[in-house]
Q: 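Right, I'll just put the structure down here and ask away after.
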Amino acid sequence: AGLRDGAGVWAGFAESLGAFPPDAPLRLAGPAVEGVTDDRAAAEVLDECLSVWQDLPAAARARVHLACLPMDDVDENAHLVNALQRHAAVVVQKSLVEGFGLTVTEPMWKARPVIASAVGGIRDQIEDGVSGVLLHDPHDRRAFGEQVAGVLRDAEWAARLGAAARARVLDRFLGDRHLIQYVDLFELLLAPCGAPPLSSRELEPVDVGEVAAGAGEGQVELVDAGGAAGQGGDLAGPGLPAAGVADRDAGDDRPGGAV
């Protein structure tokens with residue numbers, strides 16, 4: 001769980017409005033609060049965001065939009081989250097506190113440039129200036145606006161950030177990568193001293209159907225963690241099982257931003 005500064009995203013966007021391309025709107029996305037049952041503060045966060053929006057200058061209000069995503073239909077929710085991420089020119093995660101930010105890794109996997117606060121696990125997810133941009137002071141609205149404007153106005157840099165972001169998720173944050181690490185760990189503990197890790201050896205292919213049939217089942221099911229949770233679900237790449245990173249933006253109880 002994280003603590004996110006949705007109202008600060010709106011205010012920072014409005015204060016830097018003149019630096020952005022004239023056709024760049026901001027969409028702040030979060031769950032419809034009536035569908036949130038595990039956080040009593042969700043309604044308060046929404047009220048705070050609406051209060052900030054009402055106080056914005058008219059020119060800024062016209063370019064700032066709030067998307068309250070439905071929680072009762074998991075498929076609809078998943079499609080909306082995926083569409084918002086894939087169509088965003090920049091995805092912003094201005095967290096004040098954060099563990100591992102799924103709302104950071106999801107758009108990275110979709111090759112979108114991400115600007116996020118340098119807090120908690122986000123610092124391990126993003127290489128600053130390489131696979132995304134880190135906001136070193138989440139409270140610095142001017143720096144936030146400058147970073148967003150810089151990415152919006154430099155299409156080549158945005159594309160490089162997006163490509164590097166996807167490559168980083170592929171290398172570090174998919175489920176099979178962690179399975180390989182566990183195999184290496186167990187092999188290290190069990191193998192004779194000096195033996196190479198199992199993942200570095202050339203292994204004979206295994207007929208999974210035969211193995212499963214021995215347990216009374218002839219099929220192996222691959223489950224997309226995001227799809228199973230109904231929160232995005234679009235994680236599979238060529239040759240990759242849809243597993244590991246879970247698309248659950250809209251399932252969180254605080255909003256994130258997409259420009």
Side-chain angles (χ1 to χ4, degrees), residues 2-30 45 48-50 52-53 55-67 81 83-98 101-120 122-123 125-166 168-169 249-250 252 254-259:
L3 176 62
R4 296 167 190 167
D5 186 20
V9 172
W10 280 11
F13 181 84
E15 291 169 9
S16 301
L17 197 63
F20 302 142
D23 59 346
L26 170 67
R27 292 180 178 86
L28 195 69
V45 173
E48 179 188 10
C49 289
L50 291 174
V52 171
W53 179 82
D55 291 337
L56 293 177
R61 283 202 308 272
R63 292 171 61 179
V64 173
H65 313 284
L66 177 64
V81 170
L84 283 170
Q85 290 175 341
R86 288 193 176 276
H87 287 277
V90 181
V91 176
V92 172
Q93 186 64 51
K94 200 161 90 67
S95 298
L96 304 178
V97 178
E98 194 69 64
L102 287 172
T103 49
V104 172
T105 303
E106 291 162 4
M108 289 176 68
W109 176 245
K110 294 161 187 171
R112 310 317 302 154
V114 177
I115 297 174
S117 302
V119 297
I122 295 175
R123 291 172 294 184
Q125 293 172 261
I126 291 178
E127 302 164 288
D128 190 22
V130 179
S131 54
V133 178
L134 290 176
L135 180 63
H136 295 284
D137 180 0
H139 299 281
D140 189 341
R141 293 177 180 174
R142 173 178 290 184
F144 164 71
E146 290 174 351
Q147 289 177 339
V148 174
V151 175
L152 286 175
R153 292 189 175 277
D154 191 336
E156 291 186 3
W157 185 37
R160 289 197 303 271
L161 289 174
R166 181 178 172 86
R168 186 163 177 83
V169 174
D249 269 21
D252 200 282
R254 300 185 190 277
V259 177

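All values derive from a computational prediction rather than experimental measurement.
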Q: Under the criterion side-chain contact (heavy atoms from CB on, under 4.5 Å), I'd like the reasoning laid out for V130 against R168: C-alpha separation, chi angles, the key distance, then a yes or no.
A: CA-CA 10 Å; V130 179; R168 186 163 177 83; over 6 Å; no
Q: Are side-chain heavy atoms of H136 and D128 found at a separation under 4.5 Å?
A: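 Touching, per the 4.5 Å side-chain cut-off.
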Q: I want to check something: taking the side chain as every heavy atom from C-beta on, are P138 and V119 in contact at a cut-off of under 4.5 Å?
A: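 They are in contact (side-chain heavy atoms under 4.5 Å apart), so the answer is yes.
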Q: Testing the basics here: between G6 and L28, what is the closest heavy-atom pair and its distance to 0.1 Å?
A: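 Residues G6 and L28, closest heavy atoms: O-CD2, 4.0 Å.
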Q: Can you name the nearest heavy-atom pair linking S95 to S117, along with the distance?
A: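 Looks like O-OG, 2.8 Å.
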Q: Given 3.5 Å as the limit, does a donor-acceptor pair link the side chain of Q125 with the main chain of V104, or not?
A: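 No.
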Q: Minimum heavy-atom separation for L84 to A29, with atom names?
A: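 Looking at all heavy atoms of both residues, the closest pair is CD1-CB, 3.7 Å.
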Q: Hey, what do you get for NZ (K94) to CZ (F13), rounding to the nearest 0.5 Å?
A: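 These two atoms lie 14.0 Å from each other.
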Q: Given 3.5 Å as the limit, does a donor-acceptor pair link the side chain of R141 with the main chain of E15, or not?
A: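 No: the side chain of R141 does not pair with the backbone of E15.
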Q: Evaluate side-chain contact (heavy atoms from CB on, under 4.5 Å) for Q85 paired with T103, printing each intermediate quantity in order.
A: CA-CA 9 Å; Q85 290 175 341; T103 49; 5.6 Å; no
Q: Looking only at non-hydrogen atoms, find the nearest pair between L161 and P113 and report the distance.
A: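 Shortest heavy-atom contact: CB-CB, 4.1 Å.
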Q: What donor-acceptor contacts under 3.5 angstrom involve side-chain atoms of residues 57-64, with partners at least two apart or in another chain?
A:
{"unit_1": "R61", "atom_1": "NH1", "unit_2": "L56", "atom_2": "O", "d": "2.6"}
{"unit_1": "R63", "atom_1": "NE", "unit_2": "A24", "atom_2": "O", "d": "3.3"}
{"unit_1": "R63", "atom_1": "NH2", "unit_2": "P21", "atom_2": "O", "d": "2.8"}
{"unit_1": "R63", "atom_1": "NH2", "unit_2": "A24", "atom_2": "O", "d": "3.0"}

Q: Supply the atom-to-atom distance T105 OG1 to I122 CD1, rounded to the nearest 0.5 angstrom.
A: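 Answer rounded to 0.5 Å: 9.0 Å.
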Q: Could you grab the distance from atom CZ of R123 to atom CG of L134, nearest 0.5 Å is fine?
A: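 Between R123 CZ and L134 CG, I get 9.5 Å after rounding to 0.5 Å.
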Q: Determine, step by step, whether D5 and F144 satisfy the side-chain contact (heavy atoms from CB on, under 4.5 Å) criterion, reporting the C-alpha distance in whole Å, the side-chain angles of both residues, the deciding distance to 0.1 Å, and the verdict.
A: CA-CA 12 Å; D5 186 20; F144 164 71; over 6 Å; no
Q: Which heavy-atom pair separates G145 from S16 by the least distance, and what is that distance?
A: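 Result for this residue pair: CA-OG, 3.4 Å.
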Q: What is the distance from atom CG of L135 to atom CD of Q93, rounded to the nearest 0.5 Å?
A: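 If we round to the nearest 0.5 Å, L135:CG and Q93:CD are 11.5 Å apart.
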Q: Got H65 and P25 here, is their nearest side-chain heavy-atom distance under 4.5 Å?
A: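 The answer is yes; the side chains approach within 4.5 Å.
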Q: Answer yes or no: does atom CZ of R142 have more than 12 heavy-atom neighbours from other residues, nucleotides or ligands under 6.0 Å?
A: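 Not buried by this count: 12 neighbours or fewer within 6.0 Å.
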Q: What distance separates L66 CG from W53 CH2, expressed to the nearest 0.5 Å?
A: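 Between L66 CG and W53 CH2, I get 9.5 Å after rounding to 0.5 Å.
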Q: Checking side-chain contact (heavy atoms from CB on, under 4.5 Å) against Q147, which of V90, V92, I115 comes through?
A: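 Passing option: I115.
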Q: If you compare all heavy atoms of P107 against all heavy atoms of V114, which two are closest, and at what distance to 0.1 Å?
A: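 Result for this residue pair: CG-CG2, 3.8 Å.
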